[in-house]
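Since the model is a prediction, treat every value here as computed from it, not as a measurement.
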Amino acid sequence: MRLSAIADWCMLSHGPKRYAALFSAGALAALALPPFNILPLFFFGIAALVWFLDGVEFQSGWRRLFGPAFWTGWTFGFGYFAVGLHWLGAAFFIDGDLFLWALPLGVLGLPAFLALFWGLATAAAHLLWSDYAQRIFALAAFIALFEFLRGIVLTGLPFNVPGYVLTAHPYLMQSAAFFGVHGLSFFALLIGASFALWFSPLAQDRAKYLPVLSLVALTVMAGLGAWRYHQPTFEMRPEMRLRLVQPNIPQNQKWDPQYRDAIFNSLLGLSQTRIDANDPGLIGTTHLIWPESAFPFYVAEEPEALARIARMLPKDTLLITGAARRNYDFGGFSEAGGDVFNAILAINDEGEIIASYDKQRLVPFGEYLPLKPLLTQLGLRKFVAAADSFVKGKETGLAFAPQNTPSLLPLICYEVIFSGALGEKTANAEWILNLTNDAWFQGTIGPAQHAHHARVRAVEQGLPLVRVANTGYTLVTDSIGRINAQLPPNTPDQLIVQIPYPLEYTLFSQYNYLVFYIILGASIFAVLLRNRWRHTWET
């Protein structure tokens, strides 16, 4: 079937077949996301979305916002998120059948909720719809805007925003240093929507140059990205030698008391294992790094565990580790004890905790229970068994002056997916440290997607990234996202690395999403102006 015939069918379709096709188009578009990376499918999916919207009649009253245009975008978004986030269902199998009843809520309920943002975006864009080319600018601007809002509303979940389809290739990824991933969302959507103009019967002849311009723009982005990507390698910091430990602890053992000693002993043993005959072990290591929530207990309350760590560490070696910790001041426990933080701790060679960072963004239902008094009455509880409920940390950063460690940006688990919202610590940071535990989703594409998001943060901020994961992916990148070293996933292993110096700055690190706001504002204003001019001319 020719694409022009597909365009006609999309415009004229109705009923269940229409919505099945919309769901399928969204599902195909999601296959452009890492790790699938089939970029043409995203462009085809967005082009099909334009054709479907071309067939939506203008409504009046409340149906202007919640009529066919809304459900067109919602159904497309439902397919997009159902495929892109299907791996979330793996978490429901960790505790046997305890949470299986909630599986539909995770694999269908969450995509259905996130699809609301696409529905609102297409409804808003359709308010400015016309037979002319400017409609694709309205669509790209509003979807990019509402996907940006998806990272803010109700604590936000900016996983798999459309811009990531343009970061699958390292050359195109470089544009994130200028526009950020949300800016790339606008360009990805605009390029995909422009291809609809070649085959839509509504397209004016003079609009058909836009797909050509889109291909030219994509080529220029790739060319400039190739030039940037092939710059000389960055000089390594001679004063830092890191040993990254990937213990590969199964999630169903993480907080089981019977595995307490085995887990701790494996961490200590793996950290001291020599990789080869030339490896001096921990001698010469400046930083030993363990992943998120490495301990199956509160290490700050275990003097013997701290003593064993001190005996393991050579002089001037620092352990940086993820750990759950209860509310205490370094001088002792506070009166508000009982609150639990998902933290990063720095432990010196004397077994002293000299610095701490507490996670700012907690995972709903994973680390805390929203509307806890109500939902507990319904029998709901959160997944993580470390504590009754984690507490959000204050805006603080790690201070490593005693060890002469360059200032860093600490991010725990999914904090790394919040592009442009990493906190005030970014201003002075010289590297990113991301500790995570993706064992919840072992065997799925989730850990690979999560690692890719972290890599894009390195490009945006112009900072080297050190990522240490329980089950993988453990890796180190430079400031333009080139992977310097990595461990294979799903295996216990360690990695000895140095980290490079950062870039002085990127456009994105200087201005955040200012350029994105300007692009969106200019696009929407131009569409409004064009529609007003046409209305005046035609009347």
Output field: ring centroids H126/F58 closer than 6.0 Å: yes

Can any side-chain N or O of Y513 pair as donor or acceptor with the backbone N or O of H182 at less than 3.5 Å? yes

Is the backbone N or O of L128 less than 3.5 Å from a side-chain atom of R135, with the two atoms forming a donor-acceptor pair by type? no

So F52 and R18, do their side chains get closer than 4.5 Å, heavy atoms only? yes

Is the gap between the ring centers of H230 and Y171 under 6.0 Å? yes

Does R361 make a cation-pi contact with F418 (under 6.0 Å, within 45 degrees of the axis)? yes

Does any non-hydrogen side-chain atom of S509 lie less than 4.5 Å from one of E460? no

Close side-chain approach of F441 to H450, heavy-atom, < 4.5 Å: no

Ring centre gap for F516 and F148 strictly below 6.0 Å: yes

Would you mind reporting whether Y501 and S479 have side-chain heavy atoms less than 4.5 Å apart? no

Validation row: E292, N342 side chains within 4.5 angstrom (heavy atoms): yes

Under a 3.5 Å distance rule, please check whether Q360 uses its side chain to pair with a backbone N or O of D358 as donor and acceptor. yes

Does any non-hydrogen side-chain atom of L166 lie less than 4.5 Å from one of L39? yes

For Q461, the option from L422, T506, L503 that meets side-chain contact (heavy atoms from CB on, under 4.5 Å): L422

Taking the side chain as C-beta and beyond, is there a heavy-atom pair between L244 and V476 under 4.5 Å? yes

Taking side chain as C-beta onward, heavy atoms only, is T72 less than 4.5 Å from L22? yes

